[in-house]
A.B. asks: 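If you scroll down you'll find the structure; I have some questions about it.
Here is the naming used below: chain letters follow the sequence lines, and residue numbers restart at 1 for every chain.
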2 protein chains.
Amino acid sequence: MLSEERILRQLSQAGYRITQPRRAVVRALLEDDGYSNAAKVHERARLYCPGVGLVTIYRTLDLLSEAGFLRRIHSQDGCHGYAPIQRGHRHHLICRRCGAAVEFKGCDLVPFLDRVSDETGYRIEEHLLELIGLCSTCQELSTPCPHSQEPSPRSTPGHDDEK
Amino acid sequence: MLSEERILRQLSQAGYRITQPRRAVVRALLEDDGYSNAAKVHERARLYCPGVGLVTIYRTLDLLSEAGFLRRIHSQDGCHGYAPIQRGHRHHLICRRCGAAVEFKGCDLVPFLDRVSDETGYRIEEHLLELIGLCSTCQELSTPCPHSQEPSPRSTPGHDDEK
DNA sequence: TTGTGTGCAAAATCTTTGCACTTCG
DNA sequence: CGAAGTGCAAAGATTTTGCACACAA
């Protein structure tokens with residue numbers, strides 16, 4: 001897995017300068033689990049480099065993305081999410097109620113990925129997995145899941161509607 | 001797979017009105033395979049409902065998303081991509097080069113999720129899985145590993161225009 | 001010292017909201 | 001006919017660009 005030092009070293013070797021803002025962004029990315037967007041990274045990066053501007057965040061994210069440390073999610077069509085590329089994938093399991101996050105190793109996915117790859121002809125390079133649920137504590141506190149995404153015909157015609 | 005008629009019927013049963021713009025959006029989504037954003041849907045929907053405005057596209061995408069026919073990709077962090085949900089729980093496999101997206105069934109994930117659930121005590125309700133790679137066409141087009149996740153030292157500071 | 005990198009401000013995009021008019025049911 | 005739905009315009013967000021100053025090498 002890539003450490004902060006290693007990333008910085010590689011950037012340096014590639015001819016980029018190692019600046020405070022860049023350090024801060026790299027650090028923020030490594031600490032922030034899962035996907036990030038510019039605003040989130042900015043907020044976090046300011047902890048390490050208080051004066052850093054949002055513009056610099058964008059530029060640094062681009063740079064890291066070019067350099068191969070980040071993957072832009074849906075880069076084509078204007079989606080502006082980023083996810084760190086990590087060897088030894090770690091995935092996250094997040095409690096939707098209390099926000100507790102657990103990391104787990106997800107290597108069991110490999111056979112699944114192989115199958116998908118066979119079926120689709122795609123060569124799979126990266127995967128992003130995030131699980132959302134209730135941790136054991138919150139399961140006790142909570143009533144059964146109120147919402148669901150099934151396209152079930154809703155009996156209530158009432159629009160809960162436009163926010 | 002969900003047909004246009006079926007979606008419209010379900011919307012109608014749920015109390016929504018079936019209008020020309022909505023028809024057009026549904027149609028556009030079904031024809032455009034894979035991942036779309038508002039602008040793309042708009043362009044296509046105008047073929048069926050020339051006067052339709054972009055605003056209506058956004059509102060209809062929201063509606064379809066609420067109703068469970070669309071999955072907002074990375075809804076979390078302000079990513080504004082959408083992909084049709086065809087049936088049950090599926091995930092997306094996206095070509096990083098051309099953006100082509102394929103949905104695939106994720107049932108093989110269940111044993112994996114069960115294991116994670118056992119190990120962590122979490123009850124898993126949702127999962128977000130996205131695979132990124134190269135589709136077969138782009139594999140051919142692409143030169144043998146021109147870039148890769150390896151951050152190769154760049155000799156030229158100049159930017160290539162590649163995105 | 002040099003030129004890459006940064007911050008600020010402003011432009012360009014993308015998305016949402018308010019309001020009067022349309023149209024489905 | 002009545003209320004949901006639409007389009008337009010304008011407000012809000014988000015991202016990019018231009019330029020002079022700052023700082024890593």
A.B. asks: Does B/T56 or A/V55 map to a spot on DNA chain D nearer the 5' end, using the closest nucleotide for each?
C.D. replies: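 Whichever sits nearer the 5' end wins; that is B/T56.
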
A.B. asks: Rounded to whole Å, how long is the line connecting atom CG of B/L54 with atom C1' of D/dG12?
C.D. replies: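 Checked: the CG to C1' distance equals 15 Å.
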
A.B. asks: Work out which heavy atom in A/L54 is nearest to a heavy atom in A/A38; give both atom names and the distance.
C.D. replies: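 Shortest heavy-atom separation between A/L54 and A/A38 comes out as CD1-O, 4.0 Å.
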
A.B. asks: Write down the distance between CZ (B/R23) and C1' (D/dG5), rounded to a whole number of angstrom.
C.D. replies: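 For the pair B/R23 CZ and D/dG5 C1', the rounded distance is 14 Å.
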
A.B. asks: Figure out the CG/C1' separation between A/L63 and C/dG5, and round it to whole Å.
C.D. replies: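 Rounded to whole Å, this separation is 10 Å.
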
A.B. asks: Less than 4.5 Å apart, side chain to side chain, heavy atoms only: is that true for B/Y122 and B/V116?
C.D. replies: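 Side chain of B/Y122 against side chain of B/V116, heavy atoms only: no contact under 4.5 Å found.
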
A.B. asks: Indicate the atoms forming the closest heavy-atom contact of B/H42 with B/G53, along with that distance.
C.D. replies: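 For B/H42 versus B/G53, the nearest heavy atoms are NE2-C, 3.6 Å.
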
A.B. asks: Enumerate the residues from residues 45-52 of chain A whose closest heavy atom to DNA chain C is under 4.0 Å, giving them by residue number; use none for an empty result.
C.D. replies: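 Here the set is A/G51, A/V52.
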
A.B. asks: Quick one: are A/L30 and A/V26 in side-chain contact, heavy atoms under 4.5 Å?
C.D. replies: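 Result yes, sub-4.5 Å side-chain heavy-atom pair found.
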
A.B. asks: Going from CZ on A/R23 to CG on A/L11, what distance comes out if it is rounded to the nearest 0.5 angstrom?
C.D. replies: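 The CG atom of A/L11 is 10.5 Å from CZ of A/R23, to the nearest 0.5 Å.
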
A.B. asks: What is the distance from CD1 of B/I57 to P of C/dC14, rounded to the nearest Å?
C.D. replies: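 Going from B/I57 (CD1) to C/dC14 (P), I get 15 Å.
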
A.B. asks: Considering only heavy atoms from C-beta outward, does the side chain of B/L29 approach that of B/L61 to under 4.5 Å?
C.D. replies: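 Yes, their side chains come closer than 4.5 Å.
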
A.B. asks: Dump the intermediate steps for salt bridge (charged side-chain N to carboxylate O under 4.0 Å, His left out) on B/R9 and B/E5, then the final yes or no.
C.D. replies: CA-CA 6 Å; B/R9 192 177 342 122; B/E5 295 74 28; over 6 Å; no

A.B. asks: For residues A/I57 and A/A45, report the shortest heavy-atom separation together with the two atoms involved.
C.D. replies: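 Taking A/I57 first and A/A45 second, the nearest heavy atoms are CD1-CB, 4.0 Å.
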
A.B. asks: Could you list the cluster mates of A/L47? Members are the ILVMFWY residues connected by side-chain heavy atoms closer than 4.5 Å, either directly or through other members.
C.D. replies: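 A/L47 clusters with A/Y48.
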
A.B. asks: Figure out the CG/C1' separation between A/L11 and C/dT4, and round it to whole Å.
C.D. replies: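 Rounding to the nearest Å, CG of A/L11 and C1' of C/dT4 are 14 Å apart.
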
A.B. asks: Rounded to whole Å, please give me the gap between OH in A/Y58 and P in D/dG18.
C.D. replies: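 To the nearest whole Å, that distance equals 17 Å.
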
A.B. asks: What's the angle between the local helix axes at either end of the helix from C/dT1-D/dA25 to C/dG25-D/dC1, using five pairs per end and rounding to 10 degrees?
C.D. replies: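 What I find for the helix from C/dT1-D/dA25 to C/dG25-D/dC1 is an axis angle of 40°.
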
A.B. asks: According to salt bridge (charged side-chain N to carboxylate O under 4.0 Å, His left out), who are the partners of B/R27, at least two apart in sequence or on a separate chain?
C.D. replies: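 Checked B/R27 against salt bridge (charged side-chain N to carboxylate O under 4.0 Å, His left out); matches are B/E4.
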
A.B. asks: Using nucleotides 23-25 of chain C, report all nitrogen or oxygen pairs with the protein that are shorter than 3.5 Å.
C.D. replies:
| from | atom 1 | to | atom 2 | distance (Å) |
| --- | --- | --- | --- | --- |
| C/dC24 | O2 | B/R17 | NH1 | 2.8 |
| C/dG25 | OP1 | B/I18 | N | 2.9 |

A.B. asks: Rounded to whole angstrom units, what separation is found between the CG atom of B/D62 and the C1' atom of C/dT17?
C.D. replies: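 B/D62 atom CG is separated from C/dT17 atom C1' by 12 Å.
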
A.B. asks: Considering residues at least two apart in sequence or located in another chain, which fulfil the salt bridge (charged side-chain N to carboxylate O under 4.0 Å, His left out) criterion with B/R44?
C.D. replies: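 Listed in chain order: B/E31.
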
A.B. asks: Closest approach to the side chain of B/R59, judged atom by atom: which nucleotide of D/dT6, C/dT15, D/dC19 is it?
C.D. replies: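 It is D/dT6.
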
A.B. asks: Can you find a side chain N or O atom of A/R22 that sits less than 4.0 Å from OP1 or OP2 on C/dT6?
C.D. replies: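 So the side-chain polar atoms of A/R22 do come within 4.0 Å of the phosphate oxygens OP1 or OP2 of C/dT6, strictly under.
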
A.B. asks: Please state how far atom CG in A/L8 lies from atom P in D/dA24, giving the value in whole angstrom units.
C.D. replies: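 After rounding, the reported distance stands at 13 Å.
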
